[in-house]
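Right, one structure below, let's go through it.
All chains are named by letter (A, B, ...) in the order of the sequence lines, taking the proteins before the strands, and each is independently numbered beginning at 1.
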Amino acid sequence: GAGVSQSPRYKVAKRGQDVALRCDPISGHVSLFWYQQALGQGPEFLTYFQNEAQLDKSGLPSDRFFAERPEGSVSTLKIQRTQQEDSAVYLCASSIRLAGAYEQYFGPGTRLTVT
Amino acid sequence: TQLLEQSPQFLSIQEGENLTVYCNSSSVFSSLQWYRQEPGEGPVLLVTVVTGGEVKKLKRLTFQFGDARKDSSLHITAAQPGDTGLYLCAGAGGTSYGKLTFGQGTILTVHP
């Protein structure tokens, strides 16, 4: 398809497990963002990639969160030793622009539930 | 830290009514976006406003950016049940690459 895709769409993890969430951006989009959205809230910024370079990771809530985009296309958000407070929808967005990439196209999200 | 206050948080109206959603901040934004999100889906971009005082219309939706680029509003005329959803404002500012700060969202329900 032509849009941003994310997998899995739903993930249930037991507390303490590691999870990996995948994002396939729109082809040719150089900017990629990850956001975390709690139930009933707006998304909150986690991290930003420009091609393969992670230029901003200021929103990652702890060192258990790690993101990569090794070839400047697909990105993976990894959460180690999941905690209940990690339960949220994780959204990926991409943009064709480098500077001023504020018009972002979002994927459907991965809903993570930590039990 | 840039914050966006969105109001109201919930809005329940009858079909045919008009409504306005507000998005306010003490910070200046270089641009402001409005998104609509349906359950189980990601936000979908409705409009971008970049110039202070700018007004954009999209069918029954009217978007306005404040003169000082600190606030915005979304007005829907003659709401329809298909307008039901979560409306989010998001501002870009403080970085060169377009990092977005989102409001808390407004859950709109339009009853037939």
Atom pair CG/CZ of B:Leu100 and A:Phe45 - distance to nearest 0.5 Å
9.5 Å
Does any heavy atom of chain B fall under 4.5 Å from the side chain of A:Tyr10, the backbone, both, or neither of them?
neither
Is the backbone of B:Gly98 close enough, under 3.5 Å, to the side chain of A:Gln104 for a donor and an acceptor to pair up by distance?
yes
At their closest point, which heavy atom of A:Leu91 faces which heavy atom of B:Gly42, and how far apart are they?
CD2-CA, 4.0 Å
For the student: nearest non-hydrogen atoms of B:Leu88 and A:Pro43, plus distance
CD1-CD, 3.9 Å
Using non-hydrogen atoms only, which part of A:Gln6 is less than 4.5 Å away from chain B: side chain, backbone, both, or neither?
neither
Would a 4.5 Å heavy-atom cut-off, applied to side chains only, mark A:Gln37 and B:Leu86 as touching?
yes
Cut-off 4.5 Å, heavy atoms of chain B, and the answer for A:Thr47 is neither
Rounded to the nearest 0.5 Å, the CZ atom of B:Phe102 sits from the OH atom of A:Tyr35 at a distance of 5.5 Å
Atom pair OH/CG of B:Tyr97 and A:Asp56 - distance to nearest 0.5 Å:
3.0 Å
For each of B:Ala92, B:Gly105, B:Ser31, tally heavy-atom pairs with chain A at distances under 4.5 Å, and name the one with the top tally.
B:Ser31
Interface moiety of A:Arg9 toward chain B, non-hydrogen atoms closer than 4.5 Å
side chain
One should read off an interatomic distance between A:Phe33 CZ and B:Lys99 NZ, to the nearest 0.5 angstrom, of 10.0 Å
